[in-house]
Amino acid sequence: LADKMKIQPSAIVKKLFLQGKIVTVNQEVDYDAAEEIAMEFDCLCEKEEVIDVIEELLKEDEEDEKKMKKRPPVVCVMGHVDHGKTSLLDAIRDTDVTQGEAGGITQHIGASVVSVNGEKITFLDTPGHEAFTAMRMRGANSTDIAILVVAADDGVMPQTIEAINHAKAAGIEIVVAINKIDKPSANIERVKQELTEYELIPEDWGGSTIFVPVSAHTKEGIDDLMEMILLTAEVMELKANPIRRARGLVIEAELDKGKGPVATVLVQKGTLRIGDPIAAGSAYGKVRAMMDDRGRRVKEAGPSMPVEILGLNDVPNAGEVFVACGNEKEARSFAETFINQGRVKMLEETKSKMSLDDLFSQIQEGNLKELGIIVKADVQGSVEALKQSLIKISNEEVVVKIIHGGVGAINESDVSLAAASNAIIIGFNVRPDATAKETADREGVDMRLYRVIYNAIEDVEAAMKGMLEPVF
Ligand code: GDP
């Protein structure tokens with residue numbers, strides 16, 4: 001039968017096996033079964049291939065070391081509101097001399113590329129950690145290096161701490177930019193001192209974090225900052241294979257009245273070319289035109305390059321994975337399979353599965369070595385007391401790790417961090433705000449509120465022993 005159908009016998013064995021029928025290559029199949037197999041096979045084998053592709057994509061595919069080439073770092077800018085994230089991004093783009101060249105008007109495409117001494121750096125244009133945490137909730141990592149902006153006249157503030165913890169949870173390298181040094185009230189040493197509390201210790205104090213004093217206004221220190229980013233990238237040995245079908249992430253997308261769906265994608269591997277059939281989440285199509293961050297038409301885009309593309313049939317979500325395919329049919333079935341199975345699967349996989357209720361069973365299955373907790377409380381004293389007590393609950397099997405702690409209501413940033421890091425949230429004398437509650441429900445984040453510290457400790461302790469009383 002396999003011969004007649006011109007397919008591998010193992011493919012039929014595999015298919016029957018998936019239906020629960022165990023056969024060997026030499027076994028006869030009756031006519032009915034053969035017909036059924038032949039009829040189904042056409043479309044099914046295609047679907048299975050697509051599922052295989054998705055599975056392959058979800059795993060980090062192994063690459064041939066010889067084909068790996070150096071790629072530019074992808075950088076984002078984070079920090080407290082008003083500390084100068086937007087100004088710094090603008091200043092960075094301004095110092096790029098090549099910007100002044102013909103056609104050099106910066107377009108907003110969601111990311112931009114800056115050249116420094118002939119080397120490129122890609123910046124994500126959305127300041128803040130929302131950009132990459134939203135992607136991380138979908139299981140995708142977009143950023144290599146985060147510039148943590150701290151205003152020299154203001155020091156470490158709540159969102160500075162938030163940003164640090166988001167970056168740490170994502171495993172992103174942090175470079176600190178102490179901004180606004182032109183201000184008379186600037187105090188660089190104080191910022192350094194304050195950050196040591198968060199394990200960001202300057203090299204001249206025996207640590208390993210790079211600190212660069214800058215001014216987005218006078219542009220002082222910006223060149224240094226760029227050099228330090230390139231140096232950090234060098235150490236990280238960022239590489240990708242440029243000679244393969246492209247894959248990467250959707251940075252942002254919208255429906256343009258004249259052009260139709262427009263998506264900015266970040267190529268992470270391979271090279272994307274005009275004419276390539278592609279699938280981006282549930283959207284698909286053929287790359288009709290590509291534009292770089294200066295609005296110039298380009299024919300191809302390699303690793304770490306952001307480009308705006310036209311030609312998709314629909315608007316994909318930011319954070320969705322895109323893949324270049326062999327032909328349009330493959331792109332289409334990829335998108336359809338993604339809708340039918342991949343999406344559900346991806347969502348399930350990335351959805352926070354952590355809950356105190358099934359903590360014990362996860363521990364027993366050996367799935368869990370670390371329990372991530374985010375602590376929010378009404379006053380700093382309680383945050384510290386909770387942190388200290390919770391860490392002590394760690395036993396041989398599971399380490400309790402506080403991935404973030406802070407004063408104030410549980411906000412969306414806390415929930416997205418929990419969702420992306422598979423952590424739970426403990427609130428003491430605080431409540432979630434409306435959007436946080438909504439996101440927590442949607443992402444399946446376990447959020448527990450207490451009025452007595454002891455009860456919180458007791459619950460986590462009981463959950464680790466499998467003795468937590470269910471809540472009705
Ligand atoms: P963001 O909220 O972090 O994006 O901060 P912005 O870039 O919007 O900057 C907030 C304010 O700080 C604005 O009024 C800026 O003009 C000012 N600012 C930003 N960088 C500097 C700087 O280096 N020096 C001074 N003096 N002011 C700055």
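Whatever order the structure lists them in is the order used to number ligands and atoms, beginning at 1. What you are looking at is a predicted structure, and each value in this text was computed from that prediction instead of being measured. If you read the sequence from its start, that first residue is 1, and numbering goes on from there.
The protein heavy-atom contact nearest to atom 10 (C) of ligand 1 is D82 O, 3.5 Å. Scanning all protein heavy atoms for the shortest distance to atom 4 (O) of ligand 1 gives T86 OG1, 2.6 Å.
I92 has its side chain out of reach of I121: every pair of non-hydrogen atoms, C-beta onward, lies at least 4.5 Å apart.
Residue A216 has at least one N or O atom closer than 3.5 Å to an N or O atom of ligand 1.
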Could you walk me through whether E162 and M78 pass the side-chain contact (heavy atoms from CB on, under 4.5 Å) test, one step at a time? CA-CA 10 Å; E162 241 176 64; M78 319 197 296; over 6 Å; no
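For atom 3 (O) of ligand 1, the choice among Q159, K219, E220, K85 with the nearest heavy atom turns out to be K85. Of the candidates K180, H217, M78, H80, K180 brings a heavy atom nearest to atom 11 (C) of ligand 1. One option in G84, G79, A91 has a heavy atom closer to atom 5 (O) of ligand 1 than any other, and that option is G84. Between the choices S185, P184, S215, S87, the shortest heavy-atom distance to atom 7 (O) of ligand 1 belongs to S87.
Contacts between N179 and ligand 1, counted as non-hydrogen atom pairs separated by less than 4.0 Å, involve the side chain only. Contacts between D182 and ligand 1, counted as non-hydrogen atom pairs separated by less than 4.0 Å, involve the side chain only.
The ligand atoms of ligand 1 that sit less than 4.0 angstrom from a heavy atom of K183 are 26 (N).
Defined by atom type and a distance below 3.5 Å, a donor-acceptor pair is present between the side-chain atoms of H83 and D154. Inspection of the Q193 and E189 side chains reveals no N or O donor paired with an N or O acceptor under 3.5 Å. Residues E300 and T271 have side chains that never bring a donor and an acceptor to within less than 3.5 angstrom of each other.
For K192 and D204, the salt-bridge test passes: some basic side-chain N is under 4.0 Å from an acidic carboxylate O. The existence of a salt bridge linking E328 and R332 is excluded, since no basic side-chain nitrogen approaches an acidic carboxylate oxygen closer than 4.0 Å. Taking the charged nitrogens against the carboxylate oxygens, D125 and R93 do have a contact shorter than 4.0 Å, which makes a salt bridge.
Distance check on atom 1 (P) of ligand 1: some protein heavy atom falls below the 4.0 Å cut-off. For atom 13 (C) of ligand 1, the nearest protein heavy atom lies 4.0 Å or farther away.
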